[in-house]
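Below you'll find the structure, written out as structure tokens, and then a few comments.
Numbering of ligands and ligand atoms starts at 1, following listing order.
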Amino acid sequence: MLKVENFNDEISKKVETPELKNYVKISIENDEKNFCVLTKKFVDTNYLNRLRDFKVHDDDVWVISYPKCGTTWGVEMIWLLINDLNFEKAKKIHQNDRVPFIERGGIFTSINSDSIKITENLKRPRVIKSHLSSFLLPRELFANTKAKIIYIARNPKDAAISFFHHYRHLEGYDGSKEDFLNAFLNNRTLFAPINEKTLEFWKLSKINSNVLFIFYEDMKKNLQNETEKVMKFLNKNYPKSEIEELCEHLSFGSMRRNPQCNFEVINKSDDENFQFIRKGETGSYKKEMNSEENEKFDDFIMNEDFKFNDFEYKF
Ligand code: A3P
């Protein structure tokens with residue numbers, strides 16, 4: 001049984017924005033760690049049930065992450081690997097139209113499209129993006145299917161700073177960084193909790209060969225290695241020279257210039273220095289968090305369950 005609760009506290013109210021109104025916590029009854037922060041729209045529009053009943057195909061690839069963990073980067077790589085490195089098509093069609101964000105229409109105030117239907121109608125093999133926790137994803141994804149899941153993780157300090165800029169420039173957040181980070185640390189930002197979600201997919205990747213777990217930080221360190229790892233997982237094989245070409249397409253500069261994946265189309269910011277593909281660094285939090293905030297994040301990621309499951313974020 002799922003439980004839906006409204007968040008009516010100050011911490012949540014402070015991170016409400018014109019795009020993100022009425023946060024709800026959806027959880028599994030009697031299992032406090034299994035929850036996901038969404039907006040009331042998700043329940044009102046029945047995305048909650050429609051998503052869980054969504055028909056999954058064996059050749060689907062689901063890219064799951066917490067927001068700001070390199071999803072756009074990973075999605076671009078995965079779509080190209082699945083689609084015979086069709087750079088021409090990738091440069092012609094916006095990433096959003098190649099890889100639907102399945103729950104999008106059920107979350108943001110101004111999005112009226114039916115992102116579930118769009119995903120349903122997508123030509124196979126489909127690459128599908130989601131930030132949901134597993135208990136809100138289609139039941140079929142975890143039963144009787146050969147569909148693949150790729151989870152992309154990033155350290156919460158960089159993810160939180162990146163999300164703060166995203167909230168400010170893309171969701172209309174006009175509060176302080178302090179309030180935002182406080183909400184993040186209290187698992188009140190959209191799609192929270194990052195730690196539990198990450199650990200859940202880490203554990204899944206250890207027992208299910210259809211689940212691959214990758215780190216943003218590893219992609220930063222050696223993109224070619226990670227690309228080859230993903231290529232093998234997808235049962236694809238491309239010569240080294242083509243992988244090099246793919247890595248060039250995926251480089252920070254190239255993606256930043258690429259209108260089909262730099263998300264300038266959704267950039268409503270009046271700050272001309274802001275870009276969705278923003279800094280692209282590991283450790284950019286060091287310049288943007290004070291020592292007190294940094295310590296709070298150290299506590300936030302000190303997790304007995306991580307140790308028990310041999311999981312550590314990368315920095
Ligand atoms: P920063 O805000 O720290 O720069 P998502 O796609 O999940 O929203 O993640 C966005 C983050 O991934 C942003 O982080 C963005 O700059 C980074 N990113 C996107 N493309 C990248 C690339 N080619 N190389 C490095 N980082 C990239």
Proximity of I152 to ligand 1 by residue part, where a heavy atom lies under 4.0 Å: neither
Within a radius of less than 6.0 Å around CD of E312, do more than 12 heavy atoms belonging to other residues, nucleotides or ligands occur? no
Which of the numbered atoms in ligand 1 are under 4.0 angstrom from any heavy atom belonging to T72? 5 (P), 6 (O)
Who's the nearest protein heavy-atom neighbour of atom 7 (O) of ligand 1, and how far? T71 OG1, 2.5 Å
Would you say the side chains of N294 and S291 form a donor-acceptor pair under 3.5 Å? no
Check: E281 N/O within less than 3.5 Å of ligand 1 N/O: no
Option nearest atom 11 (C) of ligand 1 (shortest heavy-atom distance, choices R278, H165, R154): R154
Decide whether E171 and H166 meet the rule of one side-chain donor and one side-chain acceptor closer than 3.5 Å. yes
For L250, state whether at least one heavy atom is located under 4.0 Å from any atom of ligand 1. yes
If you draw the axis of the six-membered ring of F191, does the NZ or CZ of K197 fall within 45° of it and under 6.0 Å from the ring centre? no
Looking only at protein heavy atoms, which one is nearest to atom 8 (O) of ligand 1, and what is the separation? K68 NZ, 2.9 Å
Any nitrogen or oxygen of K279 lying under 3.5 Å from a nitrogen or oxygen in ligand 1? Just yes or no. yes
Cation-pi check for F276 against K68: NZ or CZ below 6.0 Å from the six-membered ring centre and within 45 degrees of the axis, yes or no? yes
So for S65, does at least one of its heavy atoms come nearer than 4.0 angstrom to any atom of ligand 1? no
If I apply the N/O under 3.5 Å rule, does P67 come out as touching ligand 1? no
Short N/O distance, under 3.5 Å, between M255 and ligand 1? no
Heavy atom of the protein closest to atom 26 (N) of ligand 1 (residue, atom name, distance): Y216 OH, 2.8 Å
Around atom CD of E29, are there more than 12 heavy atoms from other residues, nucleotides or ligands closer than 6.0 Å? yes
Tell me: protein heavy atom nearest atom 19 (C) of ligand 1, and distance? I277 CG2, 4.0 Å
Can you tell me if N309 and D305 form a side-chain donor-acceptor pair at under 3.5 Å? no
In terms of ring plane angle, is the pair F201 and F142 parallel, tilted or perpendicular, where the classes change at 30° and 60°? tilted
Using a heavy-atom cut-off of under 4.0 Å, does the side chain or the backbone of S251 touch ligand 1, or both, or neither? backbone
At what distance is the nearest protein heavy atom to atom 13 (C) of ligand 1, and which residue and atom is it? S162 OG, 3.8 Å
Exactly one of Y23, Y173, Y66, Y167 clears side chain to side chain donor-acceptor pair (under 3.5 Å) with T189, and that residue is Y66
Can you tell me if Y66 has a non-hydrogen atom under 4.0 Å from ligand 1? no
If we ignore angles and hydrogens, is there a donor and acceptor under 3.5 Å between the side chains of E217 and N155? yes
